[in-house]
Amino acid sequence: MIQIKFPDQSVREYPEGTTPIEIAKSISHGLAKKVLVADIDGVLRDATTPLNHSTSLRLLTWDDDNGKAGFWHSSAHLMAEAIQAFYPKAKFTIGPSIENGFYYDVDFGEDSFTADQIPTIEKKMDELAKQDNPFVLYPVSKAEALAYYKEKSNEYKIELIENLTDGDITFCRQGSFVDLCRGGHIPSTGYIKAVKLLNVAGAYWRGDEKNKQLTRIYGISFPQQKMLDEYLVLLKEAKKRDHRKLGQELGLFTFSNRVGKGLPLWLPKGADLRERLERFMRDAQKKAGYQQVVTPHIGSKALYETSGHWEKYGKDSFQPIHTPEEDELFMLKPMNCPHHCEIYKAEPRSYKDLPLRLAEFGTVYRYEQSGELHGLTRVRGFTQDDAHIFCTASQVKEEFVKVIDLVLHVFKSLNFHDFTAQVSLRSKENREKYIGSDENWDRAEREIQEAVAERGLTTRVVEGEAAFYGPKLDFMVKDALGRSWQLGTIQVDYNLPDRFELDYTGADNQKHRPVMIHRAPFGSMERFIAVLTEHCAGNFPVWLAPVQVAVLPISDKFNDYAKKVVELLKNNEIRTLFDDRSEKIGKKIRDSEMMKIPYMLVVGEKEEAENQVAVRQHGKGDIGVMSSDTLIKLILEQVKEMLN
RNA sequence: GCCGAUGUAGCUCAGCUGGUAGAGCACUUCCAUGGUAAGGAAGGGGUCAGGGGUUCAAGUCCCCUCAUUGGCUCCA
């Protein structure tokens with residue numbers, strides 16, 4: 001007998017060789033039907049694995065993330081089997097589960113796989129799922145494994161196997177498909193009741209662009225058809241929140257081929273919104289002791305040679321501008337820091353001046369790879385809510401904590417609760433990519449983590465994601481389609497002060513080198529507005545909404561009264577739209593609702609007689625009749641609340 | 001930059017196997033003056049992304065370029 005320990009710490013005895021599925025059956029048949037995979041001593045295994053030793057066991061169902069992972073990973077096997085039926089020569093590489101679904105990277109060799117093959121593969125998958133073939137995991141020796149894939153001339157699997165130790169290698173078979181796999185499968189293909197292949201994309205083998213590009217096929221699957229239907233509805237809903245779609249519908253921004261790709265044009269309503277956000281940030285920064293500065297959009301190439309950016313990013317920049325004068329080269333500003341360093345140098349600094357916090361809404365231009373451009377989240381010209389803090393080494397941590405507080409204040413004011421904080425450190429290898437001394441790096445990395453701990457932030461620590469001059473803390477937020485974007489960032493930099501030979505006079509009357517902190521709570525106005533738009537689905541809070549109130553007269557007869565209301569609102573600095581078109585009230589309401597205007601004032605005979613307005617709130621409907629003054633107070637209070 | 005997809009009126013999209021363009025919304029004018037998500041009629045608007053080719057004939061087929069887009073790589 002062996003002893004099995006369950007998550008609730010209870011222990012039961014079973015005969016040796018019992019499988020997790022059998023254990024589930026011993027508990028209840030309902031559970032047995034739901035169990036997908038098993039967590040055996042913390043390792044994901046097939047639920048059909050015989051247990052030969054006493055162990056801890058967690059039975060994983062669809063409700064567990066790991067249960068889903070096993071389900072989707074198994075679905076990747078099923079997809080491979082279906083693909084193999086049509087493309088016998090296809091070479092399979094890796095097929096993992098992902099956050100939502102799974103993919104398989106396939107080398108189709110001479111053949112090509114295009115999106116129109118998807119229905120065929122889906123159909124085959126359904127057919128193979130119905131056969132309810134068990135997933136059978138069995139050990140193979142390294143030699144056997146290598147021989148199997150040599151026969152198939154699959155160099156990818158061979159490469160994978162070569163990195164495995166003999167004795168630890170298992171294959172998995174379901175139906176006619178065999179795959180190198182360590183396990184974590186559902187019992188049989190019949191569990192997969194609904195499959196949807198989502199898209200086909202290119203991906204490099206092992207994520208390295210020097211390697212061969214494979215065809216990656218993404219899919220998702222569910223244990224019930226209903227769940228797939230719901231998921232597809234969800235996807236559709238998410239697409240409605242896409243900032244690119246809303247930006248066009250709400251008249252926020254546009255792009256023009258003639259102006260150039262990745263160069264957004266802000267329309268009046270978008271510019272309005274953006275300006276308001278800038279004002280909000282400016283005020284918050286003023287309170288936090290920042291000083292605004294302004295620097296030009298270009299800088300001489302020599303400036304960036306000094307900063308080191310030319311060497312590192314020269315090729316990824318808009319190329320220097322040649323002027324008539326010999327040897328005169330200017331670059332479109334790709335970042336503001338060098339300019340700010342020169343402002344620091346403009347006068348001698350004392351330790352009493354520090355920390356010196358220089359802020360600028362600085363527009364920068366970066367020649368991003370064309371394939372990278374994406375709406376407002378990845379553009380070639382954007383404005384950072386940038387600032388550089390010059391401080392003494394002993395002030396770094398305190399300043400860092402203050403910046404964290406500022407970022408958290410901004411996020412809270414805008415109802416961003418769903419973000420993750422990521423600490424980016426150097427990678428252990430490739431140390432030559434980074435500049436600066438080990439001592440400074442270690443110190444900066446330590447201080448960031450201390451600051452983060454002090455504010456109780458839960459963070460993800462990622463090695464190898466640091467900037468070349470220093471470690472950083474990034475605030476990541478997901479967009480409507482679940483893609484992660486970096487918004488706020490705080491970076492410690494010991495390097496630029498060296499390169500620009502910045503100094504200050506200390507209390508000891510000696511020259512010392514300051515430390516720089518780069519920081520941008522929004523990241524960039526463009527990206528922030530994109531994510532904010534998706535976050536609130538275009539329903540901006542009243543203080544930000546480009547139009548706060550629409551005044552809608554019932555008929556032309558009441559335009560005069562309506563106009564008085566409009567004037568009153570405008571005098572109170574409420575952004576108001578006057579819809580005096582000769583349309584029916586239903587139509588005017590519909591149009592205002594579509595524009596997501598927070599308040600609609602319906603005025604007609606009754607309202608005019610009583611000197612009132614009938615208020616309708618976006619998404620909520622009629623909220624009753626009140627005087628214009630009451631409404632104005634209501635709105636101004638909401639605005640004030642947000643700005644304090 | 002790489003692999004794939006897409007590009008028809010301001011917007012959303014039709015346009016089958018080639019026979020020189022359509023709808024709805026928006027816009028303009030007229031009628032209607034209507035009480036909480038689309039009133040009616042008439043009208044204007046398109047070098048079918050751009051260029052080249054095949055053909056008697058190209059929005060439709062082929063090639064190139066540009067842009068958008070799903071991924072990959074990248075992201076100071």
Side-chain angles (χ1 to χ4, degrees), chain A residues 103 105 108 112-116 198-218 242 244-245 248-249 251 254-262 304 307-317 333-338 364 366-375 377-380 384 386 465-470 472 474 481 483 485-486 489 491 493 495-496 518 523-524 527 552-559 581-594 600-607 614-623:
Chain A
Y103 67 78
D105 281 349
F108 282 94
S112 71
F113 184 89
T114 53
D116 40 299
L198 299 165
N199 56 54
V200 181
Y204 302 105
W205 167 238
R206 303 222 142 175
D208 187 336
E209 64 180 322
K210 289 184 198 87
N211 286 340
K212 174 151 192 199
Q213 190 153 36
L214 309 168
T215 304
R216 176 171 296 180
I217 306 169
Y218 286 91
D242 192 313
R244 292 167 296 186
K245 188 172 158 64
Q248 185 191 57
E249 285 169 5
T254 188
F255 288 90
S256 148
N257 295 351
R258 274 213 188 106
V259 172
K261 58 179 162 185
Y304 303 101
S307 70
H309 288 106
W310 170 255
E311 192 197 339
K312 193 86 185 167
Y313 293 106
K315 281 194 211 74
D316 306 319
S317 300
K333 174 164 82 175
M335 81 286 303
N336 305 297
C337 4
V364 297
R366 296 178 184 178
Y367 193 72
E368 304 286 2
Q369 291 185 33
S370 58
E372 270 317 313
L373 301 174
H374 181 97
T377 46
R378 195 79 187 269
V379 285
R380 284 181 164 174
Q384 297 176 309
D386 209 357
E465 289 286 305
F468 73 95
Y469 50 72
K472 55 180 185 168
D474 291 325
L481 295 173
R483 291 174 290 217
W485 295 96
Q486 175 210 312
T489 178
Q491 314 177 359
D493 183 356
N495 169 59
L496 275 189
H518 309 244
S524 80
R527 186 175 287 180
L552 316 175
I554 298 274
S555 84
D556 295 350
K557 282 187 254 168
F558 312 107
N559 279 359
R581 294 175 302 167
S582 301
E583 292 290 349
K584 291 173 99 166
I585 192 65
K587 167 81 165 163
K588 292 186 187 182
I589 285 172
R590 179 181 154 83
D591 289 348
S592 286
E593 288 280 1
M594 303 266 277
M600 286 150 274
L601 309 188
V602 177
V603 294
E605 197 177 354
K606 272 186 296 190
E607 289 76 18
V615 184
R616 180 188 165 100
Q617 202 173 345
H618 171 60
K620 289 205 180 115
D622 202 341
I623 60 165

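FYI, side chains are in, hydrogens and waters are out, and symmetry mates aren't considered; it's all heavy atoms of this structure. The sequence lines fix the lettering, A, B, ..., with proteins before strands; numbering per chain opens at 1.
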Using 0.5 Å steps for rounding, measure from the [atom1] atom of [X] to the [atom2] atom of [Y].
X         : Y         : atom1 : atom2 : value
Ser317(A) : His309(A) : OG    : NE2   : 9.5 Å
Met335(A) : Tyr313(A) : CE    : OH    : 8.0 Å
Leu198(A) : Ile217(A) : CG    : CD1   : 11.5 Å
Arg366(A) : Arg380(A) : CZ    : CZ    : 13.5 Å

Nearest whole Å is fine: how far is [N] [atom2] from [X] [atom1]?
X         : N      : atom1 : atom2 : answer
Ile217(A) : A5(B)  : CD1   : P     : 13 Å
Gln213(A) : G4(B)  : CD    : P     : 8 Å
Met594(A) : A26(B) : CE    : C1'   : 11 Å
Asn199(A) : C72(B) : CG    : C1'   : 12 Å
Gln384(A) : C75(B) : CD    : C1'   : 12 Å
Phe558(A) : G34(B) : CZ    : P     : 7 Å
Arg380(A) : C74(B) : CZ    : C1'   : 13 Å
Phe113(A) : C72(B) : CZ    : P     : 18 Å

query: Within the modelled atom types, does a donor on one side and an acceptor on the other bring the side chain of Arg258(A) and the base of A67(B) under 3.5 Å apart?
result: no
- prompt: If you take atom types as modelled and just measure distance, does the side chain of Tyr204(A) reach the base of G1(B) with a donor-acceptor pair under 3.5 Å?
  reply: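 Pair found.
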Base paired to [N] (Watson-Crick or G-U; both N/O distances under 3.5 angstrom):
N      : value
U36(B) : none
A23(B) : U12(B)
U6(B)  : A67(B)
A42(B) : U28(B)
U60(B) : none
U54(B) : none

Same-atom distance ([atom1]) from [N] to [M], integer angstrom:
N      : M      : atom1 : result
C56(B) : G46(B) : P     : 31 Å
A21(B) : C13(B) : C1'   : 14 Å
G45(B) : U8(B)  : C1'   : 14 Å
U65(B) : G1(B)  : P     : 11 Å
A58(B) : G53(B) : C1'   : 11 Å
U69(B) : C25(B) : C1'   : 24 Å
G22(B) : G59(B) : C1'   : 12 Å
C11(B) : C72(B) : P     : 29 Å

Presence of [X] side-chain N/O under 4.0 Å of [N] phosphate oxygens OP1/OP2:
X         : N      : answer
His374(A) : G70(B) : yes
Lys472(A) : A76(B) : yes
Lys587(A) : G35(B) : no
Arg378(A) : C74(B) : no
Gln248(A) : U12(B) : yes
Arg483(A) : G71(B) : yes
Lys261(A) : A67(B) : yes
Arg244(A) : G70(B) : yes

Base, sugar-phosphate, or nothing for [X], non-hydrogen atoms under 4.0 angstrom?
X         : answer
Gly308(A) : nothing
Lys588(A) : nothing
Thr215(A) : nothing
Ser307(A) : nothing
Asn257(A) : sugar-phosphate
Tyr218(A) : sugar-phosphate
Phe255(A) : nothing
Asp622(A) : base
Arg216(A) : sugar-phosphate
Ile554(A) : base
Glu607(A) : base
Gly586(A) : sugar-phosphate
Asp316(A) : base
Ala201(A) : base

task: Count the heavy atoms of every other residue, nucleotide or ligand shown that sit under 6.0 Å from OH of Tyr367(A), and state whether that count exceeds 12.
output: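 At most 12 heavy atoms, drawn from other residues, nucleotides or ligands, come within 6.0 Å of this atom.
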message: Quick check on Glu249(A): does its CD atom have over 12 non-hydrogen neighbours (other residues, nucleotides or ligands) under 6.0 Å away?
response: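 Counting neighbours around CD of Glu249(A), more than 12 heavy atoms of other residues, nucleotides or ligands fall under 6.0 Å, so yes.
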- request: Starting from the C-alpha separation in whole Å, work towards a yes-or-no answer on side-chain contact (heavy atoms from CB on, under 4.5 Å) for Ile554(A) and Glu605(A).
  value: CA-CA 8 Å; Ile554(A) 298 274; Glu605(A) 197 177 354; over 6 Å; no
task: Give the nucleotide from the list G1(B), C75(B), U33(B) with an atom nearest to the side chain of Asp556(A).
output: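 Minimum distance to the Asp556(A) side chain belongs to U33(B).
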message: Counting only side-chain heavy atoms from C-beta out, which of G34(B), G1(B), A76(B) sits nearest to Glu209(A)?
response: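 Looking only at side-chain atoms, Glu209(A) lies closest to G1(B).
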task: Name the orientation class of the two ring planes belonging to Phe113(A) and Phe108(A) (parallel below 30°, tilted from 30 to 60°, perpendicular beyond 60°).
output: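 Aromatic pair Phe113(A)/Phe108(A) classed parallel.
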message: Below 30° counts as parallel, above 60° as perpendicular, anything between as tilted: where do the rings of His374(A) and Trp485(A) land?
response: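 Ring orientation, 0 to 90° scale: tilted.
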query: Which sits closer to the 5' end of RNA chain B, Arg527(A) or Val615(A), going by the nucleotide each is nearest to?
result: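 Here Val615(A) is the residue nearer the 5' end.
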- prompt: So which one's nearest nucleotide on RNA chain B is more toward 5', Gly207(A) or Arg590(A)?
  reply: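 Result: Arg590(A).
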- request: List the atom of Gly375(A), the atom of Phe255(A), and the distance in Å for their closest heavy-atom pair.
  value: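 Closest approach of Gly375(A) to Phe255(A): O-CZ, 3.3 Å.
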